[in-house]
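The structure under discussion appears below in the form of structure tokens.
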Amino acid sequence: MVCLGNICRSPLAEGIMKAKAPNNFYIDSAGTISLHEGKHPDKRAIQTAARHGIDISQQRSRPITKADFEKFDKIYCMDVDVLADVVSKARNEDQRKKVSLFLEILDDHQHAEVPDPYWGDMKEFEEVFQLLDRGCEAILKQIPA
């Protein structure tokens, strides 16, 4: 799960997916910038997740690395700018094929991008949580049992 700073959208997506996915899945999040590296998620993201019974308070921001393309089967990006940045880091076509927009999986293409709630209030964080929850459910339905 990748967003810009790895403090709002991708930590929420990581937390939601970890809560829903089988225990043998390895799920992580990252950002395309290192501005917040080592910091915990935004307090509003932590509070929003907690209201849904998910603890993301111990996550730490980190930038995406070339090693992530080897480690992960899929890399989900929260918006088109993040997608472009991540794709530019791929070394080959196989790695590029691992990268997609997070909400592409939903039939509702009105929300192809997960809006960044950073400049918003708790209402925006809750709306983002709901979008991410729908996306995680759809992703898990695609994975063979």
Side-chain angles (χ1 to χ4, degrees), residues 1-33 36 40-145:
M1 309 297 179
V2 185
C3 69
L4 182 65
N6 191 216
I7 60 167
C8 295
R9 296 171 290 176
S10 56
L12 280 170
E14 175 187 345
I16 293 167
M17 188 62 87
K18 281 182 173 177
K20 293 177 178 288
N23 288 338
N24 63 333
F25 280 42
Y26 182 70
I27 301 158
D28 198 5
S29 63
T32 56
I33 62 172
H36 305 288
H40 293 288
D42 185 288
K43 285 187 249 182
R44 296 163 297 171
I46 293 170
Q47 291 169 353
T48 300
R51 277 199 315 275
H52 294 277
I54 299 171
D55 181 8
I56 64 169
S57 64
Q58 297 309 304
Q59 291 182 23
R60 297 277 186 170
S61 175
R62 71 174 184 87
I64 190 166
T65 66
K66 291 187 182 289
D68 290 325
F69 289 92
E70 300 298 327
K71 186 184 283 187
F72 295 98
D73 297 323
K74 286 293 295 177
I75 299 173
Y76 295 100
C77 299
M78 299 296 141
D79 63 48
V80 294
D81 291 333
V82 169
L83 178 77
D85 283 350
V86 172
V87 166
S88 75
K89 295 175 186 341
R91 288 184 269 217
N92 56 52
E93 187 60 25
D94 286 339
Q95 289 184 349
R96 281 187 284 281
K97 287 179 182 177
K98 293 180 176 189
V99 183
S100 64
L101 277 175
F102 179 83
L103 289 179
E104 241 175 30
I105 195 163
L106 297 177
D107 292 333
D108 177 5
H109 290 287
Q110 174 187 352
H111 298 294
E113 294 187 315
V114 177
D116 190 345
Y118 184 77
W119 300 107
D121 58 20
M122 291 302 288
K123 180 178 178 268
E124 279 87 3
F125 275 84
E126 180 61 31
E127 289 169 358
V128 165
F129 183 94
Q130 294 302 323
L131 276 175
L132 294 170
D133 190 60
R134 285 181 53 215
C136 286
E137 286 286 338
I139 289 167
L140 287 171
K141 285 180 182 171
Q142 275 196 343
I143 298 170

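Position 1 is the first residue of the sequence, and the numbers go up from there. In what follows, every heavy atom counts, from backbone to side chain, and hydrogens, waters and symmetry copies are set aside.
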task: Would you check, one step at a time, whether the test salt bridge (charged side-chain N to carboxylate O under 4.0 Å, His left out) holds for Asp28 with Arg62?
output: CA-CA 10 Å; Asp28 198 5; Arg62 71 174 184 87; 3.1 Å; yes

- request: For residues Ala21 and Ile27, report the shortest heavy-atom separation together with the two atoms involved.
  value: CB-CD1, 3.7 Å

- request: Grab the two heavy atoms, one from Ala45 and one from Leu12, that are nearest each other, plus how far apart they are.
  value: O-CD2, 3.5 Å

- prompt: What salt bridge (Lys or Arg N to Asp or Glu O under 4.0 Å) pairs are there with at least one residue in residues 46-61, not counting sequence neighbours?
  reply: Arg51-Glu126

message: Holding to side chain to side chain contact (heavy atoms under 4.5 Å, CB included), I want the full list of residues that pass it with Asn92, two or more places apart in sequence or in another chain.
response: Asp94, Gln95

message: Take a 6.0 Å sphere around CG of Asp121 and say whether it holds more than 12 heavy atoms from other residues, nucleotides or ligands.
response: yes

- request: For the pair His36 and Asn6, evaluate side chain to side chain contact (heavy atoms under 4.5 Å, CB included) and give the outcome as yes or no after the intermediate values.
  value: CA-CA 7 Å; His36 305 288; Asn6 191 216; over 6 Å; no

- request: Mind checking side chain to side chain contact (heavy atoms under 4.5 Å, CB included) for Gln142 and listing every partner two or more places apart, or none if nothing turns up?
  value: Ile105

- prompt: Residues in side chain to side chain donor-acceptor pair (under 3.5 Å) with Asp133, at least two apart?
  reply: Lys20

Atom of Ser57, atom of Pro41 and distance for their closest heavy-atom approach: O-CD, 4.4 Å

query: Mind checking what makes salt bridge (charged side-chain N to carboxylate O under 4.0 Å, His left out) contact with Arg44, not counting sequence neighbours?
result: Asp42

- prompt: What residues form a side chain to side chain donor-acceptor pair (under 3.5 Å) with Lys43, not counting sequence neighbours?
  reply: none

- prompt: Should we count CG of Asn24 as having more than 12 external heavy atoms under 6.0 Å?
  reply: yes

Please tabulate, for the side chains in residues 80-91, all donor-acceptor contacts under 3.5 angstrom to protein atoms that are two or more places apart in sequence or on a different chain.
unit_1: Ser88; atom_1: OG; unit_2: Asp85; atom_2: O; d: 2.6

field: Lys123: side chain to side chain donor-acceptor pair (under 3.5 Å) partners, not counting sequence neighbours
entry: Glu127

message: Checking Phe72 now: which residues fulfil ring pair (Phe, Tyr, Trp, His ring centres under 6.0 Å) with it, not counting sequence neighbours?
response: Tyr26

- request: Could I get the full list of side chain to side chain donor-acceptor pair (under 3.5 Å) partners for Glu14, not counting sequence neighbours?
  value: Lys18, Ser29

- request: Please check if the side chain of Ser10 supplies one atom and the backbone of Gly31 the other of a donor-acceptor pair under 3.5 Å.
  value: no

Side-chain ion pair, Arg96 and Glu93, N-O less than 4.0 Å: yes

field: Taking every non-hydrogen atom, the tightest pair across Pro115 and Val128
entry: O-CG2, 3.2 Å

message: When you compare the side chain of Leu140 with that of Met17, does any pair of heavy atoms fall below 4.5 Å?
response: yes

field: Set of residues satisfying side chain to side chain contact (heavy atoms under 4.5 Å, CB included) with respect to Pro63, sequence neighbours excluded
entry: Ser34, Glu37

message: Tell me the closest heavy-atom pair linking Val114 and Phe102, and the distance in Å.
response: CG2-CD2, 4.0 Å

message: If you compare all heavy atoms of Tyr76 against all heavy atoms of Leu101, which two are closest, and at what distance to 0.1 Å?
response: CD2-O, 4.5 Å

task: Go through the structure and list residues passing ring pair (Phe, Tyr, Trp, His ring centres under 6.0 Å) with His52, not counting sequence neighbours.
output: Phe129

